[in-house]
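What follows is a short report on a single structure.
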Amino acid sequence: MSVSGLPVSSVPAAFDRGHLYSPTLALTRYALDDRYVYDYRPGDLYEPMPAAPSGNPKAWSWWWRNIAATPVPDFLGLRVGNQISIQHAGCTGPGEVISTERAGAVVRYPLPKSNLTARTHAEMYVRRRNDAGHWYP
């Protein structure tokens with residue numbers, strides 16, 4: 001963790017109203033505005049991500065493959081192999097970070113036993129951490 005309490009990370013980190021996240025380029029303007037209580041730390045390797053293009057699926061696909069899904073050494077301090085607490089579908093549970101990208105960390109988590117599927121795990125992106133310490137999309 002850095003002196004400000006924000007994690008040392010490859011991507012920018014922001015803390016606002018109890019939530020840790022990596023801000024987009026548009027959201028970093030709050031870090032420069034004294035009217036907002038907003039804690040910000042630049043990324044060690046990357047600047048804030050530009051907003052995803054809208055209205056053009058090909059442009060969005062290019063943005064996702066070439067910007068958002070770029071592998072990074074860590075995402076907000078999360079590294080491959082970290083065991084974390086995640087919040088999903090109204091409950092919390094354990095998860096393991098299996099990859100880190102500029103847009104978030106991919107986490108594998110166990111599924112409850114079910115007669116409907118043989119799957120034992122699922123995966124999801126996490127991009128934020130709440131004040132209780134749980135990561136969520």
Side-chain angles (χ1 to χ4, degrees):
M1 294 289 268
S2 69
V3 176
S4 67
L6 293 172
V8 174
S9 178
S10 300
V11 299
F15 190 77
D16 184 26
R17 291 171 278 170
H19 296 263
L20 173 68
Y21 61 98
S22 184
T24 60
L25 189 57
L27 289 176
T28 57
R29 73 177 181 269
Y30 297 113
L32 306 173
D33 190 331
D34 292 336
R35 295 177 297 168
Y36 297 94
V37 178
Y38 182 96
D39 200 2
Y40 173 77
R41 182 187 184 282
D44 291 344
L45 299 177
Y46 291 96
E47 296 179 358
M49 276 198 314
S54 61
N56 182 338
K58 286 185 180 182
W60 187 91
S61 179
W62 183 93
W63 173 86
W64 180 259
R65 285 189 322 274
N66 294 286
I67 296 174
T70 302
V72 295
D74 70 288
F75 178 81
L76 298 177
L78 293 178
R79 294 185 180 278
V80 172
N82 285 157
Q83 300 292 320
I84 62 172
S85 174
I86 58 171
Q87 185 169 342
H88 57 93
C91 62
T92 60
E96 180 180 0
V97 177
I98 60 171
S99 73
T100 52
E101 300 172 0
R102 198 167 166 194
V106 180
V107 175
R108 180 176 290 136
Y109 61 95
L111 292 173
K113 288 191 176 203
S114 170
N115 294 332
L116 303 175
T117 182
R119 292 182 61 197
T120 58
H121 291 81
E123 296 172 3
M124 73 175 188
Y125 272 90
V126 293
R127 296 180 175 92
R128 299 169 195 88
R129 187 187 70 209
N130 64 21
D131 55 354
H134 307 299
W135 290 86
Y136 63 99

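All values below were derived from every heavy atom in this structure, side-chain atoms included, with hydrogens, water molecules and symmetry-related copies excluded.
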Among residues two or more places apart or on two chains, list those pairs meeting side-chain hydrogen bond (donor to acceptor under 3.5 Å, both in side chains) that have a residue in [range].
range: residues 104-120; value: Arg108-Glu123
range: residues 65-81; value: Ser9-Asp74, Ser10-Asp74, Ser61-Arg65
range: residues 84-97; value: Ser85-His134, Gln87-Asn130

Exercise for the section: Sequence neighbours left out, what passes side chain to side chain donor-acceptor pair (under 3.5 Å) with Tyr125? Give chain and number order. Expected result: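 Per chain and number, Tyr125 pairs via side chain to side chain donor-acceptor pair (under 3.5 Å) with Glu101.
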Exercise for the section: Could you list the residues that satisfy side chain to side chain donor-acceptor pair (under 3.5 Å) with His121, not counting sequence neighbours? Expected result: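 With sequence neighbours excluded, His121 shows a side chain to side chain donor-acceptor pair (under 3.5 Å) to no residue whatsoever.
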Practice task
Please round to the nearest 0.5 Å and tell me the distance separating atom CE of Met49 and atom OG of Ser22.
Solution key: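 The CE atom of Met49 sits 6.5 Å away from the OG atom of Ser22.
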Practice task
Drop me the distance from Leu20's CG to Arg41's CZ, to the nearest 0.5 angstrom.
Solution key: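 Going from the CG atom of Leu20 to the CZ atom of Arg41 covers 11.5 Å.
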Exercise for the section: Could you work out the complete set of other residues in the hydrophobic cluster of Val80, with links drawn between I, L, V, M, F, W and Y side chains under 4.5 Å apart? Expected result: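 Its cluster partners, ordered by chain and number, are none at all.
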For [X] versus [Y], what's the shortest heavy-atom pair and its separation?
X: Pro50; Y: Trp63; result: O-NE1, 3.2 Å
X: Pro12; Y: Pro23; result: O-CD, 3.7 Å
X: Leu6; Y: Ala14; result: CD2-C, 4.0 Å

Would you tabulate the side-chain donor-acceptor contacts of residues 51-60 under 3.5 Å, counting partners in other chains and residues two or more places apart, or write 'none'?
unit_1, atom_1, unit_2, atom_2, d
Asn56, OD1, Lys58, N, 3.1
Asn56, OD1, Ala59, N, 3.1

Practice task
Only counting residues at least two apart or in another chain, list the ones meeting ring pair (Phe, Tyr, Trp, His ring centres under 6.0 Å) with Tyr136.
Solution key: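 Result, ring pair (Phe, Tyr, Trp, His ring centres under 6.0 Å) vs Tyr136: His19.
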4.5 Å side-chain heavy-atom contact, [X] and [Y]:
X: Leu76; Y: Arg128; answer: no
X: Val107; Y: Leu78; answer: no
X: Val126; Y: Ile86; answer: yes
X: Phe75; Y: Val97; answer: no

Is [Y] reachable from [X] through a run of hydrophobic residues whose side-chain heavy atoms are each under 4.5 Å from the next?
X: Met124; Y: Ile98; value: no
X: Ile84; Y: Phe15; value: yes
X: Tyr21; Y: Tyr40; value: yes

Handout entry: Residues that Asp16 engages under salt bridge (Lys or Arg N to Asp or Glu O under 4.0 Å), provided they are two or more places apart
Key =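 Counting only residues at least two positions away or on another chain, Asp16 forms no salt bridge (Lys or Arg N to Asp or Glu O under 4.0 Å).
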